[in-house]
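Each remark here refers to the structure printed beneath this line.
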Amino acid sequence: METTPTPTPLPPIISVDDHTVEPPQVWQDRLPKKHLDTGPRIVRAPLKEMTFLGGRFKPVMGAPGDDGPIGDWWVYEDLHRPLTRLDTAVGYDRDEIKLEVITYEQMRKGSYDVPARLADMDVNHVQSALCFPTFPRFCGQTFTEAADHELGLLCIRAYNDWMVEEWCGPEARGRLIPLTLIPLWDAHLAAEEVRRNAARGVRAVAFSEIPPHLGLPSVHTDDWDPFLAACDETGTVVAMHIGSSSRMPSTSADAPPAVGSTITFANCCFSMVDWLMSGKFERFPNLRVMYAEGQIGWIPYILERADVVWEENRGWGGVADKVHRPPSELFAEHVYGCFFDDAFGLRNLDSIGVGNVLYETDYPHSDSTWPKSREVGEAQMGHLPADVVERIVRRNAIDLLGLTDDGLWPGAGTASTTGTARMP
């Protein structure tokens, strides 16, 4: 009698894409006093109007006394950005998750509180997690778009200090892995911030998947070279999350969010081709990039097509003088795809590369596999050998992010700076 093979037990997960919802006092506790009235702060106010169509999120805050649901809003310069159920959806039935404003009291505490986060990680078989921001957006676009870049730089440094010293501080016991921001408007300042944080053990920095969508230079220019050189020298991974170009993929201005949600990988796909054809991986041989929440099933065809284009068309394609090796070889050495639910990609793992895949849970977003990430992983990876599962779920992240063999961030509790005190 034939028996069904027992799925390979999933080792404790190192998630390379979770999220933090910043507590209300992150910037109020750290900015100079003269900036407290314009720097990021929380205001409780009614919602007047909110839409999310064609990949564009447009909320309008009401005035005190207006009708409408009450939520907590980040207010910064002229920006009004509410907390929404999509920011923190875990614990709610999928059919109950709607585009609505919420308060901190209405979200799961693990979204913003370290002990509660660790408890939710325990429930989900997660040992360690790298967390992207919420209010700054996925690569700090909020501060790039602000009018006052002097204040924006202070906000970025304040966020990074909070990330390293509190979110990933002693209370986290090495289980939370820091991901910092840079001032995207100045590559030299960005390089300084990379080095400042690398000196205290940070090995990952957020960046935009398609910078031109933010009005910034593309990776085909030399403009980013100071920043990339700093990442190359310090071993800092360039982490790009879907949506980090402030433009989620869509097809039309009136396309419902379900269209964009189905094709969220598209910007990652476009971005990866940019990097592979840019020549940057040959100029900066230690550079590594990762695509958070981009999934992996699309990668094999893109590598095949990129190799064909490089082989057949590089003479007229503008890359013969800077890309001297097949793109698939550059991918193998420099690029990491991240997934949390991609059975198709796992069935084609040989065409991607076991060493180029990382696992994630996306807590606390609506797509998150929490609290069943272990079950999802075992169901989708049950056909793989134990050593391959170990690499995907843990080992690749340990090697990439400079973690201990136990999967912990070694800088926890030792990365204090003088940056946390508010300046006069």
Side-chain angles (χ1 to χ4, degrees), residues 139 182 184-188 190-191 194 205-242 244-245 247 249 263 265-292 294-338 345 348-358 396 400:
C139 66
I182 55 169
L184 291 164
W185 60 89
D186 188 315
H188 293 279
V194 166
V205 62
F207 191 65
S208 174
E209 57 201 351
I210 306 179
H213 285 347
L214 303 178
L216 299 169
S218 79
V219 297
H220 298 289
T221 71
D222 294 335
D223 297 69
W224 294 109
D225 284 5
F227 162 66
L228 298 179
C231 294
D232 179 81
E233 293 164 12
T234 60
T236 299
V237 181
V238 177
M240 294 171 282
H241 194 284
I242 60 167
S244 57
S245 58
R247 189 184 301 178
I263 57 174
F265 71 91
N267 281 351
C268 299
C269 173
F270 300 158
S271 174
M272 190 179 81
V273 176
D274 254 351
W275 283 92
L276 292 176
M277 299 298 187
S278 70
K280 299 303 182 185
F281 293 142
E282 295 188 59
R283 292 189 60 194
F284 302 103
N286 297 315
L287 189 63
R288 303 291 185 271
V289 305
M290 57 171 271
Y291 288 100
Q295 311 303 339
I296 60 175
W298 52 273
I299 292 175
Y301 171 71
I302 292 299
L303 293 180
E304 178 184 272
R305 177 61 183 165
D307 277 0
V308 169
V309 170
W310 178 82
E311 184 67 39
E312 302 293 336
N313 302 330
R314 62 179 180 266
W316 62 263
V319 298
D321 61 338
K322 58 183 178 180
V323 181
H324 303 102
R325 298 165 57 198
S328 60
E329 291 185 10
L330 298 173
F331 171 88
E333 296 175 6
H334 298 274
V335 184
Y336 294 78
C338 312
N348 293 276
L349 192 60
D350 288 346
S351 298
I352 302 169
V354 172
N356 297 87
V357 175
L358 304 169
N396 289 340
L400 181 65

task: Show your working on side-chain contact (heavy atoms from CB on, under 4.5 Å) between F227 and L184 and close with a plain yes or no.
output: CA-CA 9 Å; F227 162 66; L184 291 164; over 6 Å; no

field: Pair D222 + K280, salt bridge at N-O below 4.0 Å
entry: yes

message: Quick test of your reading of the model: are R283 and D225 salt-bridged, counting only N-O distances below 4.0 Å?
response: yes

Is it the case that the side chain of [X] and the backbone of [Y] share a donor-acceptor pair, with hydrogens and angles ignored and the cut-off at 3.5 Å?
X	Y	value
Y291	M272	yes
S245	E209	no
E282	H324	yes

task: Please work out whether the ring planes of F281 and W275 are parallel, tilted or perpendicular, with thresholds of 30° and 60°.
output: parallel

- line: Applying salt bridge (charged side-chain N to carboxylate O under 4.0 Å, His left out) to R305 and not counting sequence neighbours gives none

Option among V323, L303, V319, V309 that satisfies the side-chain contact (heavy atoms from CB on, under 4.5 Å) test with L276: L303

field: Counterpart residues, side chain to side chain contact (heavy atoms under 4.5 Å, CB included), relative to P217 (two or more places apart)
entry: T221, D223, W224

message: Are V237 and V205 packed together at the side-chain level, in the sense that at least one heavy-atom pair is separated by less than 4.5 angstrom?
response: no

- prompt: Can you check whether M290 reaches V238 side chain to side chain, under 4.5 Å on heavy atoms?
  reply: no

